[in-house]
Protein chains: 2
Amino acid sequence: MSTIEIIQQLKKNDIKPSLQRVSVLKYVDNHRNHPTVDEIYNELSPNMPTLSKTTVYNVLKLLYDKHLIQMITIDNKQVHFDADIKHHAHFICKYCGKIIDLDIPECINNINNELLNKNQIQETQVYYKGICKDCLIKHSAKIEKN
Amino acid sequence: MSTIEIIQQLKKNDIKPSLQRVSVLKYVDNHRNHPTVDEIYNELSPNMPTLSKTTVYNVLKLLYDKHLIQMITIDNKQVHFDADIKHHAHFICKYCGKIIDLDIPECINNINNELLNKNQIQETQVYYKGICKDCLIKHSAKIEKN
DNA sequence: GTGCTTGCAAATCGTTTGCAATAGC
DNA sequence: GCTATTGCAAACGATTTGCAAGCAC
């Protein structure tokens, strides 16, 4: 999305389009590789010397609360973000940490479960963990051992 | 499971049944409320004064690596564990943090996705986030605002 | 006695918090 | 000027690491 569209997107969701907010959302929107706070901060920082990591945290939380981005907690080291908010699953490689998108099975929202009862679902995350094809080749010896 | 069965379970998976390992697995097996490292440590500690939290971490990692327990990362504050290793989904309440089990839709493993390619899935986690029925009542005013 | 296991203390590091400085209407 | 936003520095807290002591065969 262009800067103009990012600003419109923010306004539509009652978020004042400050320079920092526009920059963060634009970065996440243009980089669909599930960036982390650090990656976003490190990329934006050179062009915005006064930007603080706290602000990146604040903006991301705001965008998440307003449902403009997804928060991906597949990696227990750090949180990843995704501007693609349509339902889809994520696969993480246990070796290299790379996260890739997968289509989500349609049925995932068919929860006719008496346990769900009156509990209200707001968000669904599907995570697959395993070994990506590159690491399967590279680490085949080590993996055999397990 | 009884202590005897826990020991058999460990042996079957080539894990020496030390007192610490038996205690941790037994605790997780008998408490299906998705305990955290801290909960496990705090519960076992009184009866095992020399037990260290490091050991609890070590044992849980070992049990996870040997597929005796699930590691649940639905909560980005701390990791939860589950001795129920059959596929099922988890729901977490954003207000009280309670985690409940849900049946997993059968289809979740039907991933005929060209993106999956040659990547190897070892583990599947389905997480639902929302508001549990108790909190829906308690916090209805606050929730309305959003 | 050799190798595996345990446990203490310290370090690490992602994230949060308190609060002062700043910007926008 | 008042409120929302930003940003620095410090705190926090879950997890990891280094290493020495203990245990088992």
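Quick note on labels: first sequence line is chain A, next is B, and so on, each numbered from 1. On a predicted model such as this, the values are computed, not experimentally measured, just so you know. Below, all heavy atoms of this structure are taken into account, side chains as well, without hydrogens, waters or symmetry copies.
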- request: Enter the inter-axis angle for the ends of the helix from C:dG1-D:dC25 to C:dC25-D:dG1 (five pairs per end, rounded to 10°).
  value: 20°
message: Please say yes or no: joined through hydrophobic side-chain contacts below 4.5 Å, possibly via intermediate residues, are B:Y57 and B:L10 part of one cluster?
response: yes
- prompt: Going from OG1 on A:T55 to CG on A:L60, what distance comes out if it is rounded to the nearest 0.5 angstrom?
  reply: 10.5 Å
query: Among pairs that include at least one residue of residues 40-58 of chain B, which meet salt bridge (Lys or Arg N to Asp or Glu O under 4.0 Å), considering only residues two or more places apart or in two chains?
result: B:D38-B:K53
Test side chain to side chain contact (heavy atoms under 4.5 Å, CB included) applied to A:N58 - qualifying residues, sequence neighbours left out: A:T54
message: If I take atom OH in residue A:Y64 and atom P in nucleotide C:dT15, what distance separates them, rounded to the nearest angstrom?
response: 14 Å
query: Between A:R32 and A:D29, does at least one N-O distance fall below 4.0 Å, as a salt bridge requires?
result: yes
- prompt: Rounding to a whole Å, what distance do you find between A:Y41:OH and C:dT15:P?
  reply: 15 Å
- prompt: To the nearest Å, how far apart are A:I40 CD1 and C:dG14 P?
  reply: 14 Å
query: Does B:T54 have a side-chain nitrogen or oxygen under 4.0 Å from the phosphate oxygens OP1 or OP2 of C:dC8?
result: no
- prompt: Quick one: A:D75 CG to C:dT15 C1', roughly how many Å, whole number?
  reply: 14 Å
So which protein nitrogen or oxygen atoms get under 3.5 Å of nucleotides 12-15 of chain D's nitrogens or oxygens?
residue	atom	partner	partner atom	Å
D:dT15	OP1	B:V79	N	3.0
D:dT15	OP2	B:Y57	OH	2.9
D:dT15	O5'	B:Y57	OH	3.3

field: Short side-chain N/O contact to C:dG7 OP1/OP2 from B:T50, under 4.0 Å
entry: yes
message: Could you report the tightest heavy-atom contact between B:Y95 and B:C135, atom names first, then the distance?
response: CB-SG, 3.6 Å
query: Are A:H80 and A:D75 close enough that some pair of their side-chain heavy atoms sits under 4.5 Å apart?
result: yes
query: Once you round it to whole Å, what is the distance between C1' of C:dG7 and CG of B:L44?
result: 15 Å
message: Distance check, rounded to the nearest 0.5 Å: B:K16 atom NZ versus B:L62 atom CG?
response: 12.0 Å
Interatomic distance where CG belongs to A:D65 and P belongs to D:dT5 [whole Å]: 13 Å
Atom pair distance, as rounded to whole Å: CG in A:N58 and P in C:dG18: 13 Å
- prompt: Do you reckon A:Y64 sits in the same ILVMFWY cluster as A:I40, going by side-chain contacts under 4.5 Å, direct or chained?
  reply: yes
- request: Scan residues 1-29 of chain B against DNA chain D and write down, sorted by residue number, each residue with any heavy atom closer than 4.0 Å; if none is found, say none.
  value: none
message: Just the rounded figure in Å: distance from P of C:dC8 to CE of B:M48.
response: 11 Å
Heavy-atom side-chain contact between A:D134 and A:K98 under 4.5 Å: yes
field: Pair listing, ring pair (Phe, Tyr, Trp, His ring centres under 6.0 Å) test, anchored in residues 2-37 of chain A, at least two apart
entry: A:Y27-A:H31, A:H34-A:H90
